[in-house]
Number of protein chains: 2
Amino acid sequence: MDGGDTKPTKRKPARSASRGVTMEAVGRMAGVSQVTVSRALSDPSKVSAATLRKINEAIAATGFVPNAIAGALASSRSKLITALVPSITNIVYAAMIRAFSQRMREAGYQILLSETGFDPAEEERTIATHLSRRPDAILLTGIHHSPQARRMLLASGIPVVEVWDFTDSPIDICIGFRHVETGRAAAEFAVERGDTAAATISAGDERARRRKAAFSEHFTRLTGTPVAEIDFDEMATVARGRKGMARLIDDHGFTSGIVFCSSDVLAHGAIIEATKRGFAIPGDIAVIGFGDQEFAGDVEPPITTIKVDLEAFGRTAADALLRRFEGSSTPDTAIDLGFEIIRRQSA
Amino acid sequence: MDGGDTKPTKRKPARSASRGVTMEAVGRMAGVSQVTVSRALSDPSKVSAATLRKINEAIAATGFVPNAIAGALASSRSKLITALVPSITNIVYAAMIRAFSQRMREAGYQILLSETGFDPAEEERTIATHLSRRPDAILLTGIHHSPQARRMLLASGIPVVEVWDFTDSPIDICIGFRHVETGRAAAEFAVERGDTAAATISAGDERARRRKAAFSEHFTRLTGTPVAEIDFDEMATVARGRKGMARLIDDHGFTSGIVFCSSDVLAHGAIIEATKRGFAIPGDIAVIGFGDQEFAGDVEPPITTIKVDLEAFGRTAADALLRRFEGSSTPDTAIDLGFEIIRRQSA
DNA sequence: CTGTTAGCGCTTTCAA
DNA sequence: TTGAAAGCGCTAACAG
């Protein structure tokens with residue numbers, strides 16, 4: 001760029017390249033040193049009013065934006081939290097992260113978010129790149145991680161929050177609920193309703209499968225009746241809910257009983273299909289969903305579902321971290337936020 | 001922390017504090033210098049096979065994870081892209097970002113994502129904090145930004161991509177579609193269908209309002225009939241779709257004609273409400289949505305909607321950036337990806 | 001209240 | 001193929 005001179009110049013750094021205004025430039029303009037600018041920004045009370053004013057003027061004039069990279073390197077606090085979720089288009093995770101982000105942002109943190117797509121290998125790789133950003137904490141979805149991932153996490157020395165599932169022995173902090181319990185509760189709910197037949201429709205989510213397995217096992221134990229299961233490897237969609245119900249009816253002769261779906265979206269589709277085929281909901285076929293999504297109570301018939309407080313997960317996770325950053329002496333470990341069956345009309 | 005000695009020690013940095021393994025430590029272990037480790041990582045071909053092997057062993061043994069912060073500061077390339085969307089729980093933005101992230105991740109970039117909640121002031125603040133991370137590029141939703149935001153963006157000197165809307169004079173790169181055109185196209189579609197009455201239901205989104213305004217204006221121009229408008233300040237939900245339709249019927253005596261909704265979710269709710277009240281869809285009331293979301297074709301009746309290819313926005317944005325990073329001589333500027341009316345049964 | 005001095009852990013020349 | 005040296009822009013003691 002700047003000349004092709006062969007003369008071994010004193011290696012003057014190519015500062016020119018407008019890589020942004022520096023504190024030093026601001027300081028020069030305000031007639032103070034660089035450190036004073038730093039102070040003015042981090043703790044204005046440590047700088048005289050007059051100096052502060054000049055610095056602020058200089059900042060405004062230059063459009064200075066502090067370099068957080070340099071700050072993080074120097075202070076070894078990045079004010080960055082990284083988060084991994086299976087999917088950002090799944091409202092369940094998106095809502096949780098939203099609540100988490102809002103709380104953390106208020107405290108001055110930013111969130112670096114990545115999708116892992118339910119793949120442990122991908123999660124491991126992503127954890128490594130995330131840790132390379134030296135976040136002040138990391139949030140993971142789920143409690144199952146590869147051994148190598150656990151090693152890196154532990155070695156990083158930062159707080160690790162596992163959400164959306166529950167274990168008594170988390171890596172560090174765990175905020176979630178027991179998926180298996182939801183399946184059991186749904187089975188009991190079905191039996192209490194008087195159902196003598198049951199089926200399930202599930203999407204490709206490890207936790208969804210655990211809920212389903214618990215439902216089936218418990219229902220069979222209580223009634224002696226086996227449960228027909230329809231599983232999809234992909235994410236939940238209305239179309240798959242319809243297809244699942246169609247298979248249940250066509251292939252399994254399921255025309256009466258309750259269907260436990262791994263998400264409200266699937267339940268919605270199942271209801272649409274059954275209704276279209278002339279079955280009464282819940283008269284002939286009852287449907288129970290999972291998630292209590294926005295629409296669950298507003299479709300016809302309103303969907304009976306298992307509700308978990310998504311926002312609460314995010315908020316609680318953020319609060320636990322914030323408390324930790326403040327050096328709380330009583331660190332949170334495992335918090336079970338539970339769930340609740342919302343009885344509406346579909347079951 | 002380390003003792004209360006008054007003796008002015010040689011200020012030995014508190015290195016101890018396990019802030020992670022450094023390249024220097026790895027190098028020491030492998031019997032080479034720190035730079036060699038750096039090279040081994042960035043371009044293995046520049047290091048002898050034997051050295052490479054020893055370095056890799058040391059890395060494995062120590063669990064070394066490179067410090068991207070230090071790397072970014074030194075190279076002034078952060079391999080970080082920053083993105084701002086109005087809402088991450090809105091599938092429209094989530095799907096776009098997902099496609100964008102995937103592409104960028106494959107190229108070694110990570111995405112720092114924030115929500116702005118449709119608020120320009122919040123956007124401006126967020127842009128500032130994002131720029132402080134010295135991203136290699138920034139992606140914004142929409143084309144309207146505060147003057148101060150524009151200034152910061154320009155001053156940053158990095159590529160700026162504006163998506164999801166279209167202008168011929170973008171800050172830098174723009175990838176989107178003309179919202180106004182969608183409204184017009186919908187109005188024409190209605191008139192061609194023979195509708196002589198129309199209404200709208202919109203959520204709190206500036207672009208949704210522009211689509212609606214274009215629809216109403218055009219419909220009125222073509223038919224001479226005013227359009228009843230129901231506006232919500234909040235996000236689209238099935239419940240609001242129902243409420244909107246209820247108001248249209250109860251307050252505006254709207255019992256026949258077409259309803260242009262700012263999203264498929266609203267359309268879905270509107271259809272549910274009208275159906276429940278005994279109106280035939282599309283016989284009595286026709287409904288047209290926006291977005292062609294996953295469920296649009298699978299509910300009853302399937303929703304006629306305006307489709308925009310969400311994934312394409314993300315992919316195209318990523319490709320444009322990647323090309324730019326490679327120093328393309330023909331920079332993309334404004335790309336109009338258009339839209340399409342998907343005719344199903346609701347209209 | 002303000003400035004000086006050392007780094008933070010890398011990448012980038014330049015030299016060997 | 002390897003190493004030495006010089007920063008990147010900021011924060012953290014420490015000294016006035």
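It should be emphasised that the depicted structure is a prediction, and the values quoted were computed from it without experimental measurement. Computed over heavy atoms, backbone and side chain alike; hydrogens, waters and symmetry mates excluded. Labels below follow one simple rule: chain letters A, B, ... track the order of the sequence lines, proteins then strands, and each chain is numbered from 1.
- Contact check for B:Leu112 versus B:Pro135: no side-chain heavy atoms found under the 4.5 Å cut-off.
- Put simply, B:Ser33 has a side-chain N or O that comes within less than 4.0 Å of OP1 or OP2 on D:dG3.
- Computed from coordinates, the B:Leu131 CG to D:dG9 P distance equals 16 Å when rounded to whole Å.
- Whole-Å rounding puts the A:Arg77 CZ to D:dG9 P distance at 21 Å.
- Ranked by how close their nearest DNA chain D nucleotide is to the 5' end, B:Val32 and B:Ser75 are led by B:Val32.
- Computed from coordinates, the B:Gln34 CD to C:dC10 C1' distance equals 6 Å when rounded to whole Å.
- Using a distance-only test at 3.5 Å, with no hydrogens or angles considered, a donor-acceptor pair links the side chain of B:Ser78 to the main chain of B:Arg134.
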Cut-off 3.5 Å, no hydrogens considered: what does the side-chain donor-acceptor table look like for residues 24-32 of chain A, sequence neighbours left out?
none

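- Across the helix from C:dC1-D:dG16 to C:dA16-D:dT1, the helix axis at one end is tilted relative to the axis at the other end by 30° (nearest 10 degrees, each axis from five pairs).
- At whole-Å resolution of the value, CE in A:Met23 and C1' in C:dG3 are 15 Å apart.
- The side chain of B:Leu73 has D:dC8 as its nearest neighbour among C:dC8, D:dC10, D:dC8.
- Side chain of A:Gln34 to main chain of A:Met23: no donor-acceptor pair is present (N/O by atom type, distance under 3.5 Å, no hydrogens or angles).
- Within the structure, every side-chain polar atom (N or O) of B:Arg133 is placed at least 4.0 Å from both OP1 and OP2 of D:dC10.
- At D:dC10, none of the side-chain N or O atoms of B:Arg134 fall inside 4.0 Å of OP1 or OP2 (strictly under the cut-off).
- Side chains of A:Ser33 and A:Thr36: a donor-acceptor N/O pair is present below 3.5 angstrom, by distance only.
- Near DNA chain D, defined here as any heavy-atom distance below 4.0 Å, the residues from residues 35-58 of chain A are A:Val35, A:Ser38, A:Arg39, listed numerically.
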Exercise for the section: Tell me, with the steps shown, if B:Gln102 and B:Arg105 meet side-chain hydrogen bond (donor to acceptor under 3.5 Å, both in side chains). Expected result: CA-CA 5 Å; B:Gln102 280 179 348; B:Arg105 179 166 6 163; over 6 Å; no
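- Ring geometry, A:Tyr109 versus A:Phe325: the interplanar angle falls under 30°, so the pair is classed parallel (tilted spans 30 to 60°).
- Looking only at distances, a side-chain donor or acceptor of A:Thr62 sits under 3.5 Å from a matching main-chain atom of A:Ile59.
- The distance from atom CD1 of B:Ile69 to atom C1' of C:dC8 is 10 Å, rounded to the nearest whole Å.
- The backbone N or O of A:Lys79 lies less than 3.5 Å from a partner atom in the side chain of A:Asp136, making a donor-acceptor pair.
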